[in-house]
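Heavy atoms only: backbone and side chains are in, while hydrogens, waters and symmetry mates are out. The chains referred to below are lettered A, B, ... by the order of the sequence lines, with proteins before strands, and numbering in each begins at 1. What you see is a predicted model, and the numbers here were worked out from it, not measured in a lab.
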Protein chains: 2
Amino acid sequence: MVRRKLVAQRAGVSEATVSRVLNGVDGVKEGTRKKVLEAVEALGYRPNAIAQSFVKGRSGNIGVIVPHIPQVHLFSTHYFGEISSGIAVGLSKYRLHMLLLFYQSDDPDQVLHAFESRKIDGCIVLGANEKTRGIESLKAAGCPVCFVSHRDEDPLTSYVDTDNVNGAYLATSHLIKSGHERIAFLNGPLMYTNSVDRLEGFQKALADAGMHFDPALVLQGNYSRTSGYAAVAHFLAINPIPTSVFVANDRMAAGFILGLREVGLRVGQHVSLVGYDDADIATITDPPLTTIRVPFFEMGKRAASILVEKIGRGESSQGEKIRLPAELIVRESSQSVRQL
Amino acid sequence: MVRRKLVAQRAGVSEATVSRVLNGVDGVKEGTRKKVLEAVEALGYRPNAIAQSFVKGRSGNIGVIVPHIPQVHLFSTHYFGEISSGIAVGLSKYRLHMLLLFYQSDDPDQVLHAFESRKIDGCIVLGANEKTRGIESLKAAGCPVCFVSHRDEDPLTSYVDTDNVNGAYLATSHLIKSGHERIAFLNGPLMYTNSVDRLEGFQKALADAGMHFDPALVLQGNYSRTSGYAAVAHFLAINPIPTSVFVANDRMAAGFILGLREVGLRVGQHVSLVGYDDADIATITDPPLTTIRVPFFEMGKRAASILVEKIGRGESSQGEKIRLPAELIVRESSQSVRQL
DNA sequence: ATGAAAGCGCTAACAA
DNA sequence: TTGTTAGCGCTTTCAT
């Protein structure tokens, strides 16, 4: 392998000068610079990133923490693909890389170990909730953390979320404006801040429209398609059956549609439905979902820059909290409806 | 940060002994070992992985290369989630990590650079095809490579694939056994070895059943749902319209179902359909898809071990080629059918 | 403008 | 059984 020494010899300069040229340190004579660059080119030299990391005391890797398999229903391809691409783009500016880590029940300290052993300089956490294990010890160890799609109000940690309160508000208001007076809400578990916020937005929309909030109209799922399917039974048990439903994510919405179809009820015809996420599944369902678009790519990109900046500012610097706007996408699942 | 020196001091031994204990080198007196371990524990010492990498000349990271966004339709959550989890599990035995890299048109040499700068010791490539850029230079640079779901017959490279010939054979035979005599085949681009193999299996099944292979019954998609949708027009233009279709992946199958529905044709009733992958979408479609299950998790796991072993064996060692079996999953999309 | 030299924290060969 | 020591390839001060 070609090392710096060889380049220095070929260019007839010292190794330090080679480094100066490659690191863009100024105060190098143009002629010298050129000689070095030529030698680098001719030899195909590429600095050893590990050695660089070693001396700098930074791995140059950001951990991207995702839930382990059993929770994979939390995110769609769209979700993960968009966020991770966003992160990659965000990190590339800084020549940083993504180390993919799963938080697994059989080894909850995996991420902590990765930080303590300096394999990662900080991390971006996807799909977290209140109960996500190991995050506290990670923060205690001084690991810079940025959550995506999860609020953590600890002043030291950062997050990039969407405005879920407003997203839910838009979804609910859309149904209200379409003339619905009985709107059910199929939410996810309240351990997710997303769920808490969406509930708040739902209630706010009702309140602003002068409508009564009836807890009996709130159903509970776990963001999986199956749980959406299962919720249909509870929905039908409500008396009278609501004419519309706001479902807290598109996967549950897909299950919900299926469940209704089995009892002969068609979404967009008998029942209006609004989902959330604008995941890829939203255009596959029949009918396609009216939903709330979440800018996942942008979120990933922002998370990357926020985290990198935080790492630069040092251990005890404040975290940054960002909420990007959500947007209503109207499709056929929320067509106006005849009474049941 | 706690360093080895401090541990050595506290344990009253030399730094070398600390390393010996931590690396499980034997020939250390039990009492000494204990003292060291206690000091490690008390101080919360964790060896600096970068320094270890540095002296060993290995990053301890495996690149996981995935297609960039525009090609994201190539894989579903299921695909990526399963494979990457498999890789993670496979690598954890060796205490290796996954560096996530995208092959992007704007920087085709990104992966090469990662290898040359020693950020990765080898890589696992997902979603590759014949035209995937940059792989040749990567191999030329001596980077150990293992493909998943793609054959590369270069003796030095490895792959883990499924037996796509047999998979397609099973799918087609299933339709033949159900009494279909005109079976269309919606394939993906032939730049994917998967497509080539599935075509071969399709033809073989026909031949074994004494049926004629009619090229006019072969349609072309690109594995996206949209292309499946678009293929319906061509399918309907075939005269007479085939009674069944084998679709080379589930996403196209989902689009195909939608397209047929728009002209009033229902899969599982008017047309029998078999998909491929057993992706998560296979149970979401209406009707659920009869399909070929691909053991993605297992593939990822195998790819990890194969690659690690290859790295251990050194640069010019032979690659390993593995094909795991595929399995037919019968659901409702291939119910027997009345003639059109 | 450039070179010399001191480390970064560890592994492993060599001594004792 | 344990300690001493020479690097690993680079960045960065400090001299020149």
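Residue order along DNA chain D, read from the 5' end via each residue's closest nucleotide, puts Gly27(B) first among Val55(B) and Gly27(B).
Atom CZ in Arg46(B) sits roughly 17 Å away from atom P in dG9(C) (whole-Å rounding). With rounding to whole Å, Gln9(A) atom CD is found 16 Å from dA4(C) atom C1'. A straight line from CG of Leu6(A) to C1' of dC10(D) spans 15 Å, rounded to a whole angstrom. Spacing between atom CD of Glu15(A) and atom C1' of dT12(D) amounts to 14 Å, rounded to whole angstrom units. Rounded to whole angstrom, the span from the CG atom of Leu22(A) across to the P atom of dC10(D) amounts to 9 Å. The separation between Arg3(A) atom CZ and dG7(D) atom P is 13 Å, rounded to whole Å. What separates CD1 of Ile50(B) from C1' of dC8(C) is a distance of 10 Å, to the nearest Å. Here dG9(D) presents its P atom at 13 Å from CD of Gln52(A), a figure rounded to the nearest Å.
Each of dG9(C), dA1(C), dT13(D) was ranked by its minimum atom distance to the side chain of Phe54(A); first place goes to dG9(C). Comparing dT2(D), dG9(C), dG3(C) by their closest approach to the side chain of Arg20(B) singles out dT2(D). Among dA12(C), dG9(D), dG3(C), the nucleotide with an atom closest to any side-chain atom of Lys56(B) is dA12(C). Among the nucleotides dA1(C), dC10(C), dA4(C), the one closest to the side chain of Ala16(A) is dA4(C).
If you check distances only, the side chain of Arg118(B) never reaches the base of dG9(D) with a donor-acceptor pair under 3.5 Å.
Partner of Leu307(B) under the side chain to side chain contact (heavy atoms under 4.5 Å, CB included) criterion, out of Ile87(B), Asp121(B), Ile124(B), Leu91(B): Ile124(B) alone.
If you check every strand for non-hydrogen atoms under 4.0 Å, Val25(B) touches nothing. Using a 4.0 Å heavy-atom cutoff across all strands shown, Thr32(A) reaches sugar-phosphate atoms only and no base atom. Val28(B) comes within 4.0 angstrom of sugar-phosphate atoms only, judged by non-hydrogen atoms across all strands, and of no base.
Not one N or O on the side chain of Lys310(B) forms a donor-acceptor pair closer than 3.5 Å with the backbone of Val145(B). Although no hydrogens or angles enter the test, the distance criterion places no donor-acceptor pair under 3.5 Å between the side chain of Ser158(B) and the main chain of Lys321(B).
For the pair Lys35(B) and Glu38(B), the salt-bridge criterion is not met [side-chain N within less than 4.0 Å of a carboxylate O].
In this model, the phosphate group of dG3(D) is approached by a side-chain N or O of Thr17(B) to a distance below 4.0 Å at OP1 or OP2. The side chain of Ser19(A) contributes no N or O atom lying less than 4.0 Å from OP1 or OP2 of dT12(D). At least one side-chain nitrogen or oxygen of Tyr45(B) sits closer than 4.0 Å to the OP1 or OP2 atom of dC10(C).
Residues Tyr94(A) and Glu309(A) meet the side-chain proximity criterion, which asks for heavy atoms closer than 4.5 Å.
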